[in-house]
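The structure under discussion appears below in the form of structure tokens.
First the proteins, then the strands, lettered A, B, ... as listed; each starts at 1.
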Amino acid sequence: MAINLVWPKRDLRQQDHKPLLEASKSGHPVLLVYNFEPMLFEDQHFSDRHWRFVWQSLIDIKSKIPQGALHIVSKDAKQAFNDIHQKWHINALYSYQEIGLNNTFKRDIAIQNWCLKRGIQWTEYPIGAVIRALNSRQNWDTHWQQVMRSSQDNLNLSQINWGQIGTTELSTFLVNKLNEQYSTFQQGGESMTHKVLDSFFQQRGKSYAFSLSSPSLSVEHCSRLSAYLAWGNISLKQVYQKLLSYWHKPSWRRSLVAFSSRLHWHCHFIQKFESECQMEFYCINKGYEALPRVTGDEAFEKLQAWKTGQTGIPMVDACMRSLINTGYLNFRMRAMLVSFLTHHLALDWRLGVKHLASVFLDFEPGIHYSQFQMQASVTGINTIRIYNPIKQGEEKDPDGEFIKTWLPELNELPAPFFHTPWEMTPMEQLMYNVELGSDYPMQIVDIKQSYKAAQSLLWQWKSKPQVKIEAQRILAKHVRPSTS
DNA sequence: TTGAGTTTCGC
DNA sequence: CGAAACTCA
């Protein structure tokens, strides 16, 4: 008996799932197949933190469907499909259109050819409001509203005619080990997703607008849905419709409006990447390929300091170390980390882009590359934003609570030294028992100088003819014709 | 979603 | 006179 294969890629939820719904309609038994590789980058293994999150999602699904309805493979999809096809014969394949990196794109082309040769129909459904091969944003907003307000693909997992032939070997030992090692990370899976979602709209989100730019407040008062969205534990439509159901909650107005605009951005940036996927490798504005950058040993050393949270600028280091330890950082501080890398350290954005991708638990290719390039100011269409990490620290962490949480070596320092330890005299270093260069690094750049240098270079570069011509092209393709 | 400098507002 | 708004890079 031929089976219908549902290959959800990164979309692991149990509701509002078009491929599952359609696959279950035709009468053939349905088999859910999940393969791990490739997920991140070709030169980087699927990281443990992401693996753990996905694993938890799979356990969640597994508990809701019959034994053998989920088939987990660790080798590449084509080989896995070959095996399945030989054993059970695949009637049709159902997926979402993944907006992913070049490696998953190449994988999908191989799968497409594989299907063609065997006469297997592969249907891929759009994710959210993202449109494949889109060249203009005319009417895109209307489309977004239509998609987000349309009814959800509700399905009842227990009513599906499941094929019961798959193999899932869930190693409890490994799961426990991973849980232990990453206890500070968010838990994956659909049950967790809905707990997090409900707590946001019932309580945590009330001060969203006020808290979102603070590295400490955001941990609780931001939605924390990004990882669940990235790994498909929930669809954007589900989140948006939940938001609408709370829309008139008294005294939540500001926060709900702010949250709503961020949900719009989500698809917008993924759409940008879909329409311009070379962004993974090149500046969207080619005029910036020749931008002078620090290279060689100096670049390597500065990059290492940035990656490990050892730059000697407390706010930068605290953000990086917090991110490495929890997989999460609020949007504003992420922007500051990128700004520091590309503006203050004057390093090529490509040197840091994979590092953040692999530590963000919520890594979403389209958002990541669009945001990284925008913050690196290599688009030519956005205003140049050079963050001052000292100022950000003074504003967002006036008491040094966040800094001291992640940089315990600065615990004894009073204001203003936990923001600017390099200003301590040798005597002060002695009295506070913090020796710069051994207990905590000396700052690797002078923020005032690097700010000035970046400022003059970037504004000058932005006015170059080649940058301007490219900017026109980008605006025409990615921005709504009616505005700007 | 920037920062620094300048101007205007409002008490 | 300080805070908010505005402007330019």
Practice problem: Please work out which residues in residues 328-352 of chain A have a non-hydrogen atom less than 4.0 Å from an atom of DNA chain B and list them by number. | Solution: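 Heavy-atom cutoff 4.0 Å gives A:F331, A:R332.
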Length of the line joining [X]:[atom1] and [N]:[atom2], which is rounded to integer Å:
X	N	atom1	atom2	result
A:H268	B:dT1	NE2	C1'	13 Å
A:N388	B:dT1	CG	P	18 Å
A:L458	B:dA4	CG	P	15 Å
A:Y208	B:dT1	OH	C1'	12 Å
A:E394	B:dT2	CD	P	16 Å

Is the positively charged end of [X] above the ring of [Y], judged by distance under 6.0 angstrom from the centroid and angle within 45° of the axis?
X	Y	result
A:R224	A:F200	no
A:R334	A:F360	yes
A:R52	A:W55	no

Between the protein and nucleotides 5-7 of chain B, which nitrogen or oxygen pairs are less than 3.5 angstrom apart?
none

Lys/Arg N to Asp/Glu carboxylate O, [X] vs [Y], below 4.0 Å:
X	Y	answer
A:R350	A:E289	yes
A:D198	A:K242	yes
A:K9	A:E124	yes

Quiz item: Using a distance-only test with no angle check, is there a side-chain donor-acceptor pair under 3.5 angstrom linking A:Q429 and A:E435?
Solution: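 There is no such pair between these side chains.
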Do any N or O atoms of the protein come closer than 3.5 Å to N or O atoms of nucleotides 5-9 of chain C, and which pairs are they?
none

Self-check item: Sequence neighbours excluded - side chain to side chain donor-acceptor pair (under 3.5 Å) pairs with any residue from residues 395-411 of chain A
Solution: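 For residues 395-411 of chain A, and leaving out neighbouring residues, the side chain to side chain donor-acceptor pair (under 3.5 Å) pairs sorted by first residue read A:S213-A:K396, A:R321-A:E409, A:K391-A:E395.
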Exercise. Would you indicate what A:Q392 reaches in the nucleic acid, counting non-hydrogen atoms under 4.0 angstrom: base, sugar-phosphate, or nothing?
Key: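 Sugar-phosphate contact only - A:Q392 comes under 4.0 Å of backbone atoms but never of a base.
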Quiz item: OP1 or OP2 of B:dT2 less than 4.0 angstrom from a side-chain nitrogen or oxygen of A:K391, does that happen here?
Solution: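 False: A:K391 side-chain N/O out of range (4.0 Å or more) of B:dT2 OP1/OP2.
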Practice problem: Report the residues that fulfil ring pair (Phe, Tyr, Trp, His ring centres under 6.0 Å) with A:W7, sequence neighbours left out, ordered by chain and then residue number. | Solution: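 Ring pair (Phe, Tyr, Trp, His ring centres under 6.0 Å) list for A:W7, sorted by chain: A:F81, A:W122.
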Quiz prompt | salt bridge (charged side-chain N to carboxylate O under 4.0 Å, His left out) involving A:R13 - partner list, sequence neighbours excluded | solution =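 A:D11.
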Practice problem: Go through the steps for A:Q152 and A:Q241 under the test side-chain hydrogen bond (donor to acceptor under 3.5 Å, both in side chains), then give the verdict. | Solution: CA-CA 9 Å; A:Q152 292 179 27; A:Q241 294 188 358; 3.0 Å; yes
